[in-house]
Amino acid sequence: MTYTPELLELIKVVEATRPQRLGQTFPPMPLEERQELLQKFHPDYIESGMREIRIGSYKGKRMPKELADVVEGRPHVDPNFDLSNPEFETDVLVIGGGGAGASAALLAQEHGAKVTLVTKLRFGDANTMMAQGGIQAADRPEDSPALHYLDVIGGGHFTNFPDLVEALVKDAPIVIAWLESLGVMFDKTPDGVMMEEHGGGTSIKRMHSARDYTGAEIMRVLRDEVRNRPNIDVIEFCPAVELVLDDKGAVCGAILMNFETERYFYAKAKVVVLATGGSGRLHYQGFPTTNHYGATGDGIVLAYRAGAELVFLDTMQYHPTGAAYPEQILGQLVTEKVRGLGAQPVNVKGEQFVYPLEPRDVESAAFIRECKERNLGVITPSGQPAVWLDTPMIDLIHGPGTIEKALPAMVRQFRRFNIDMVRQPILVYPTLHYQNGGVKIDADCRTTVPGLLVAGETSGGVHGRNRLMGNSLLDVCVFGRRAGITAAALAKERQPGKPTLAHLESWNRALDEIGLNGAVRSPILIPNYARKG
Amino acid sequence: MAERNDLVPIYIMGKRYDVPSSLTIMKAMEYAGYTLIRGVGCRSGFCGACSTVYRIKDDPKLYFGLACQTVVKPHMYLGQIPFFPAKRATYDIAQLQAQASTLFQLYPEILRCLGCGTCTKACPQQLNVKGYMAAAMRGDIAAVANLSFDCIMCGLCAARCPAEEPQYNIAILARRLYGRYLSPRSDHLHKRVEEIQQGVFDQSIAELKAMDVNELKERYKARQIEA
Ligand SMILES: Cc1cc2nc3c(=O)[nH]c(=O)nc-3n(C[C@H](O)[C@H](O)[C@H](O)COP(=O)(O)OP(=O)(O)OC[C@H]3O[C@@H](n4cnc5c(N)ncnc54)[C@H](O)[C@@H]3O)c2cc1C
Ligand code: SF4
Ligand code: SF4
Ligand code: FES
């Protein structure tokens with residue numbers, strides 16, 4: 001699985017231009033040019049990949065076809081499903097065992113609620129576990145939450161909801177201190193200064209890291225803490241397939257499914273926190289993805305059927321640097337920190353063609369243009385277009401050993417397939433990475449449906465139309481914590497009425513009216529990878 | 001299905017399937033028709049859900065790997081262990097002290113480690129598991145934290161240990177103790193938290209929130225980019 005002789009020849013071209021590139025970086029793109037590039041090359045703008053939603057409050061708006069299909073899907077259960085005997089009752093039902101769900105569970109418990117956290121796969125089998133690069137927070141004396149605000153909102157093309165951005169940047173240092181108090185090991189100098197780097201779209205270095213296992217470190221600590229707390233029950237392999245409303249239209253629990261026995265049952269709750277993460281496994285426009293196996297957009301489906309409003313679901317994030325070779329790891333993430341540390345993207349002629357740290361949508365579009373329009377990409381043996389990422393530059397800039405120390409996960413990933421990124425550049429191409437939009441929330445994580453709170457990648461608004469690296473791990477902690485606090489407070493005042501699934505009756509009727517009653521059953525829970533026949 | 005010439009035989013729980021030789025174990029199982037629920041998570045080598053033990057025909061040795069990161073080999077006999085019931089202590093991190101006795105109280109079995117090194121051989125992250133267990137026996141929390149940092153909690157070490165050690169649970173205790181109590185204090189962080197709580201930045205953020213888009217764009221363009 002090492003590089004083929006043909007690719008080894010091409011590497012020589014990259015090596016030849018390296019000394020001259022070392023001191024010079026391609027200039028950032030003017031704001032005006034960005035829009036033109038995006039419109040021509042970014043997948044969000046490919047009309048044939050999108051369609052309009054025909055029922056519900058998002059009617060008439062576009063989203064990727066694959067997402068629209070599950071959003072307009074058929075429910076798992078019948079509207080007459082027996083709700084008279086809940087399997088259990090709890091104050092706060094947290095759906096989703098990633099960073100947002102775990103944070104919500106911890107804070108709800110701290111504020112006096114009895115919490116049950118249910119999750120589809122193992123607790124921690126989540127996008128949070130996979131985040132490598134880092135988490136932003138403006139905690140250096142020369143930085144400020146206001147600068148962070150400006151970077152977030154510019155990165156989001158000025159579409160972000162200001163109240164959410166304010167919460168994000170103000171809570172950020174508090175979140176870092178909280179995580180550290182739980183035992184997260186951030187990278188620091190011996191005198192306690194956080195080691196902070198740039199990420200795409202940052203004006204100042206504020207990316208905190210825990211080697212390149214930042215998300216794993218946060219996730220395993222949060223998971224361990226959840227397991228240590230009294231009054232939090234965790235149920236794994238138990239996805240939610242529907243929200244249950246009471247006779248006043250407020251959420252009062254969920255239909256869960258035992259994933260192994262496929263038995264459905266009702267879990268009653270005073271408040272539900274939905275934290276099911278993203279939707280990369282829907283493979284929009286056939287793109288490979290960085291996401292974990294369970295990222296199938298379930299939260300969007302559940303919330304929408306219960307009447308919640310959605311925002312920005314016509315925009316997905318394609319990470320510029322997905323692995324393009326070897327084929328076994330196609331689409332897996334090559335963290336942005338690689339570019340943050342100085343590795344430049346270069347074309348087949350060994351030339352730079354884009355500033356290495358543009359916002360991700362711009363960077364991805366530039367890679368696609370280099371391959372599709374200018375024909376200056378590299379074609380791998382499986383026919384996959386790609387550009388080089390010149391990783392050996394990192395040790396040349398920062399000294400020998402830097403890559404191994406700062407990026408052990410990355411180095412290991414490629415070494416498993418006999419590629420040594422310390423000495424050889426690697427091949428990358430955009431991969432489906434993040435759901436920018438989602439369920440509309442306010443700064444306390446409330447949705448338009450009473451009793452339903454949403455946090456993390458399932459929610460939308462804080463990142464506007466484009467999220468910057470390091471603001472999502474932050475988002476899941478900031479809004480996970482806020483959702484927990486709001487949930488505990490709501491649980492004290494709420495007395496759910498009679499549970500019903502009447503909303504499914506009207507949903508099914510609406511499906512019939514548009515002739516969709518043969519639609520896919522959703523949420524789909526996992527992608528269909530098993531080969532048949 | 002068209003005939004393919006790149007197929008190799010593998011055995012999933014004893015049953016033979018012919019699968020393309022370039023696939024990972026995980027994709028090979030899906031090629032064989034399995035819909036996975038257990039033993040699959042991130043599919044990228046980060047979550048530890050897909051621990052696999054295998055043998056190759058006529059080779060007595062047991063091999064270990066992650067199903068999502070290991071390419072199939074001809075005549076591979078596969079066994080998945082996605083769940084391993086290792087002991088886990090319950091504690092309140094805020095009430096602990098970062099000292100050796102904490103490790104021994106919560107995990108007295110640490111002292112039973114035989115130093116056999118089977119755990120190290122099993123680790124798909126190539127960690128020096130025996131080394132961090134030796135550090136745990138010495139009560140050296142910082143060394144355990146550092147050596148075990150890349151642990152994905154897959155459970156393969158514990159599954160193989162003759163002394164029934166829950167290595168990865170001991171390791172996360174050590175890392176949490178280190179992160180909370182032993183890592184050097186970040187004064188700049190705590191100062192910033194205080195400033196935020198005092199409302200130092202409320203004014204400047206309120207201004208940005210009130211600004212119209214064009215003015216915001218000018219401010220954005222005028223940002224100084226730190227070198
Ligand atoms: C490879 C990768 C690298 C990344 N790197 C970074 C980075 O460096 N910095 C950064 O800030 N962000 C990064 N991100 C983004 C960030 O990690 C995620 O956006 C964030 O962690 C999402 O957290 P979450 O809690 O909302 O969702 P997740 O962590 O995905 O958790 C969702 C959980 O809900 C469960 N679930 C799903 N459906 C159901 C259901 N129907 N019922 C019950 N449970 C369900 C899932 O199984 C999962 O456990 C990265 C993402 C990926 C994939
Ligand atoms: S396998 Fe068990 S007994 Fe052997 S070195 Fe590892 S921890 Fe110690
Ligand atoms: S130390 Fe144990 S649990 Fe951790 S990665 Fe290695 S084998 Fe898996
Ligand atoms: S599926 Fe997560 S490590 Fe293999």
Side-chain angles (χ1 to χ4, degrees), chain A residues 31 121-122 124-125 129-130 139-141 144-146 149-150 153-154 158 162 166 170 173-174 176-177 180-185 188 190-194 203-205 211 213 216 220-221 224-225 227-228 237 259-260 290 292-293 327-328 332-333 408-409 412-413 416 526 529-533, chain B residues 1 22-24 30-38 40-47 49 69 71 88 90-94 125-126 145 149-150 152-153 172 175-180 183-190 192-193 196 201 204-205 208-209 213 216-217 219-221 223-226:
Chain A
L31 226 44
L121 301 166
R122 284 192 329 177
D125 291 353
M129 192 62 105
M130 309 171 71
D139 61 5
R140 287 167 60 211
S144 82
Y149 184 100
L150 210 51
I153 211 150
F158 307 93
E166 177 179 19
K170 272 202 208 158
I174 297 169
I176 301 290
E180 190 171 60
S181 77
L182 292 174
V184 168
M185 287 170 58
K188 296 182 184 189
D191 49 359
V193 178
M194 293 279 178
S203 58
I204 184 165
K205 297 179 180 174
R211 303 191 195 171
Y213 285 98
R220 64 197 180 189
V221 166
D224 196 59
E225 183 62 15
R227 287 184 173 146
N228 278 332
F237 298 96
F259 217 168
E260 277 144 339
T290 59
H292 83 113
Y293 187 52
E327 208 192 335
Q328 288 84 358
Q332 286 181 28
L333 183 67
R412 182 178 283 126
Q413 184 92 293
R416 282 183 174 128
I526 44 172
Y529 291 155
R531 192 179 63 115
K532 298 281 178 268
Chain B
M1 259 276 52
S22 64
L23 297 183
T24 57
E30 289 167 343
Y31 181 90
Y34 283 75
T35 297
L36 303 176
I37 290 174
R38 294 268 174 179
V40 54
C42 67
R43 304 177 73 102
S44 292
F46 281 89
C47 76
Q69 299 293 306
V71 178
R88 196 189 146 277
T90 300
Y91 46 85
D92 177 352
I93 191 79
Q125 293 285 84
Q126 286 91 38
F149 193 83
D150 297 358
I152 56 175
M153 306 184 81
I172 193 173
R175 287 194 304 272
R176 292 190 62 187
L177 289 170
Y178 183 87
R180 181 180 169 106
S183 76
R185 192 185 144 82
S186 300
D187 291 327
H188 65 101
L189 170 66
H190 297 286
R192 180 53 49 84
V193 169
I196 287 171
F201 304 100
S204 54
I205 290 182
L208 290 172
K209 281 178 74 182
V213 171
L216 253 179
K217 281 188 180 162
R219 283 285 286 274
Y220 183 70
K221 279 191 229 169
R223 294 170 312 156
Q224 296 283 334
I225 309 283
E226 181 183 15

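In the text below, chain A, chain B and the rest are named by the order of the sequence lines, each starting its count at 1.
Each of Thr290(A), Asp224(A), Asp125(A), Ile153(A) has some count of heavy-atom pairs under 4.5 Å with chain B, and the biggest count is that of Asp224(A). If you tally non-hydrogen atom pairs under 4.5 Å between each of Arg416(A), Arg220(A), Gln413(A), Arg122(A) and chain B, the highest count goes to Arg220(A). Note: Arg211(A) leads Arg211(A), Glu180(A), Met194(A), Arg140(A) in heavy-atom pairs under 4.5 Å with chain B. For the set Leu333(A), Ile526(A), Ile204(A), the count of heavy-atom pairs under 4.5 angstrom toward chain B peaks at Ile204(A). Contact tally against chain A (heavy-atom pairs below 4.5 Å) for Ala49(B), Ala32(B), Ala94(B), Ser204(B): the top residue is Ala49(B). The candidate from Gly124(A), Ala177(A), Pro145(A) with the greatest count of non-hydrogen atom pairs under 4.5 Å with chain B is Pro145(A).
Two rings, from Phe158(A) and Tyr220(B), have their centers less than 6.0 Å apart.
In terms of heavy-atom proximity, Ala146(A) sits nearest to Leu208(B) at O-CD1, 3.4 Å. Contact record, Ala530(A) with Gly33(B): CB-O, 3.6 Å, taken as the closest heavy-atom pair. Shortest non-hydrogen contact noted between Gln332(A) and Ser44(B) is CG-OG, 3.4 Å. Closest of all the heavy-atom pairs between Arg38(B) and Phe237(A) is NH1-CE1, 3.0 Å. Nearest heavy atom pair, residue Pro184(B) against residue Pro190(A), reads CB-O, 3.3 Å.
Figure legend: Arg223(B) and Tyr149(A) shown without cation-pi pairing, the cationic atom not lying both under 6.0 angstrom from the six-membered ring centre and within 45 degrees of its axis.
Looking at Ile37(B), both its backbone and its side chain come within 4.5 Å of chain A, counting heavy atoms on both sides. Using a 4.5 Å cut-off between heavy atoms, Gln69(B) contacts chain A through both its backbone and its side chain. With a threshold of 4.5 angstrom between heavy atoms, Leu189(B) approaches chain A through its backbone and through its side chain. Contact annotation for Val221(A): both backbone and side-chain heavy atoms come within less than 4.5 Å of a heavy atom of chain B. In this structure, the portion of Lys221(B) lying under 4.5 Å from any heavy atom of chain A is its side chain and not its backbone. Of the two parts of Leu36(B), the backbone and the side chain both hold a non-hydrogen atom closer than 4.5 Å to a non-hydrogen atom of chain A. Residue contact with chain A, scored on non-hydrogen atoms closer than 4.5 Å, involves the backbone of Tyr34(B) exclusively. Both the backbone and the side chain of Ala145(B) have a heavy atom closer than 4.5 Å to some heavy atom of chain A. For chain B, the nearby part of Leu31(A) is the side chain; its heavy atoms alone come within less than 4.5 Å.
Within 6.0 Å of CZ in Arg219(B) there are 12 or fewer heavy atoms belonging to other residues, nucleotides or ligands. Residue Glu226(B) places its CD atom among more than 12 non-hydrogen atoms of other residues, nucleotides or ligands, all under 6.0 Å distant. The environment of CD in Gln224(B) is sparse: at most 12 heavy-atom neighbours from other residues, nucleotides or ligands sit within 6.0 Å.
A search for ring pair (Phe, Tyr, Trp, His ring centres under 6.0 Å) contacts involving Tyr178(B) returns nothing, not counting sequence neighbours. For Lys170(A), the side-chain hydrogen bond (donor to acceptor under 3.5 Å, both in side chains) partners at least two apart in sequence or on another chain are Glu166(A), Asp202(B).
Here the OH-CZ distance, from Tyr529(A) to Arg43(B), works out to 5.5 Å after rounding to the nearest 0.5 Å. To the nearest 0.5 Å, atoms OG (Ser186(B)) and CG (Asp139(A)) are separated by 7.5 Å. Taken to the nearest 0.5 Å, the NE2 atom of His188(B) stands 9.0 Å off from the CG atom of Asp191(A). Between the CG atom of Asp92(B) and the CD atom of Glu225(A) there is a distance of 7.0 Å, given to the nearest 0.5 Å.
Side-chain atoms of Arg180(B) come within 3.5 Å of backbone atoms of Ser181(A) as a donor-acceptor pair (strictly under, hydrogens ignored). Here the side chain of Gln328(A) pairs no donor or acceptor atom with the backbone of Thr24(B) at under 3.5 angstrom.
Residues Cys42(B) and Met130(A) meet the side-chain proximity criterion, which asks for heavy atoms closer than 4.5 Å. By the 4.5 Å heavy-atom criterion applied to side chains, Asn228(A) and Ile93(B) are not counted as neighbours. Side-chain contact check for Arg412(A) versus Asp150(B): some heavy-atom pair is nearer than 4.5 Å. You'll find the side chain of Ser183(B) reaches within 4.5 Å of the side chain of Lys188(A), heavy atoms only. Counting only heavy atoms from C-beta outward, the side chains of Arg176(B) and Leu182(A) approach each other to under 4.5 Å.
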